[in-house]
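Please read the structure below before turning to the comments.
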Amino acid sequence: MKGALSVRGLHKSYGGTPVLRGVDLDVAPGEVVCFLGPSGGGKSTLLRCVAHLEQPDAGLVAVDDEVVGYEPRAGRLVESSPKRLAMTRRRMGMVFQQFNLFAHLTALENVMLGPVTVLRRDREAVRERSMELLGRVGLAAHAGKRPAQLSGGQQQRVAIARALAMDPSVLLFDEPTSALDPELVGEVLGVMRDLAGQGMTMLVVTHEVGFAVEVGDTVVFLDGGVIEEQGPAKQVLRSPASERTAAFLAHVL
Ligand SMILES: Nc1ncnc2c1ncn2[C@@H]1O[C@H](COP(=O)(O)OP(=O)(O)OP(=O)(O)O)[C@@H](O)[C@H]1O
């Protein structure tokens, strides 16, 4: 089903040090999952492996019921083809801490780039839709500005519009507000809240515990490369079952 995501047995090591040690996860269409946990716990690595920006050492990722990664075939696991990986990657929109916009392009051109060059869609149709998306993130009046002329919060909202322009099934956010001045955090979280309300499936690595309580359906607490605790956001955050989660929350709240 569009917007569904499943992860099975995801493993990833760097230089012999395990960072993900068998992560399983099921995300329903329209669900918002917030990942919390100590620094180095593997949150970013998990998101990057799910998006196939990093090749996991082992494990399966299914988006819209399409399995990629290592596929069970004839009794063994076979690595998915590059073409299949690329197709799947397109189903996932990623928003990073650093906005990664092209400095020489306007906001509108940044949003248009993917659909025109990667999806080879009609330029005028893409322009119209990109303007609509910039309107959705409150930036229609800034379409002609380059990133340097925009605030960090505005740049991040352009980055969200750019991700939406590829019509992703799932949006992945890796600490989207961590690089922002505190007064700009709210406008980005507001756009994310709207998207959640519109039924977008979202995986969000964040230190914004308040956002996780308010918008998250599920909280996943990742520590040492394993899921230490997982459950309804409000429940986990108000009365964590695990001592490690409780200790972490006592530290950040
Ligand atoms: N490309 C890489 N090469 C080597 N080690 C890496 C690489 N990426 C991540 N690591 C290591 O993997 C571990 C987990 O990192 P990761 O960024 O996934 O954690 P995190 O939970 O997102 O932490 P943070 O909250 O600080 O962003 C860390 O020890 C990190 O140094």
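Order of listing sets the numbers, starting from 1, for every ligand and every atom in it.
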Of all the non-hydrogen atoms in the protein, which one sits nearest to [atom], and at what distance?
{"atom": "atom 19 (O) of ligand 1", "value": "Gly42 N, 3.2 Å"}
{"atom": "atom 25 (O) of ligand 1", "value": "Lys43 NZ, 2.9 Å"}
{"atom": "atom 3 (N) of ligand 1", "value": "Tyr14 CD2, 3.4 Å"}

Consider only side-chain N and O atoms of [X] and [Y], and report whether a donor and an acceptor are under 3.5 Å apart.
{"X": "Thr218", "Y": "Glu31", "result": "yes"}
{"X": "Glu229", "Y": "Thr245", "result": "yes"}
{"X": "Arg136", "Y": "Gln198", "result": "yes"}

Which residues share a ring pair (Phe, Tyr, Trp, His ring centres under 6.0 Å) with His104, sequence neighbours left out: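 For His104, the residues satisfying ring pair (Phe, Tyr, Trp, His ring centres under 6.0 Å) (neighbours in sequence not counted) are Phe102.
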For Phe221, ring pair (Phe, Tyr, Trp, His ring centres under 6.0 Å) partners two or more places apart: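 With sequence neighbours excluded, Phe221 shows a ring pair (Phe, Tyr, Trp, His ring centres under 6.0 Å) to Phe248, given in chain and number order.
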Does even one non-hydrogen atom of Gly40 get within less than 4.0 Å of ligand 1?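 In this structure, Gly40 qualifies as a contact of ligand 1 - some heavy atom is under 4.0 Å.
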Ligand 1 contact by Arg48, heavy-atom criterion under 4.0 angstrom: no
Are Arg244 and Asp223 close enough for a salt bridge, meaning some N to O gap below 4.0 Å? yes
With a 4.0 Å cut-off, would you call Asp217 and Lys234 a salt bridge? no
Could you tell me which atoms of ligand 1, counted from 1 in the order shown, lie closer than 4.0 angstrom to a heavy atom of [X]?
{"X": "Ser44", "result": "17 (O), 18 (O), 20 (P), 22 (O), 27 (O)"}
{"X": "Ser39", "result": "23 (O), 24 (P), 25 (O), 26 (O)"}
{"X": "Pro38", "result": "21 (O)"}
{"X": "Glu175", "result": "24 (P), 25 (O), 27 (O)"}
{"X": "Gly41", "result": "19 (O), 20 (P), 21 (O)"}

Has the side chain of Gln149 got a donor or acceptor atom that lies under 3.5 Å from a matching backbone atom of Arg146? yes
Taking Asn110 for its side chain and Leu105 for its backbone only, find out whether a donor-acceptor pair lies under 3.5 Å.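 Side chain of Asn110 to backbone of Leu105, a donor-acceptor pair under 3.5 Å: yes, one is there.
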If you compare Asp223, Leu222, Thr45 by their heavy atoms, the one closest to atom 15 (O) of ligand 1 turns out to be Thr45
Does the protein put a heavy atom under 4.0 Å from atom 9 (C) of ligand 1? yes
If you scan the protein for heavy atoms around atom 31 (O) of ligand 1, do you find one that is closer than 4.0 Å? no
Test your reading of the structure: does [X] have an N or O sitting under 3.5 Å from an N or O of ligand 1?
{"X": "Val19", "value": "no"}
{"X": "Glu54", "value": "no"}
{"X": "Leu46", "value": "no"}

Taking C-beta and beyond as the side chain, do Glu128 and Met131 meet within less than 4.5 Å on heavy atoms?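 Not touching, per the 4.5 Å side-chain cut-off.
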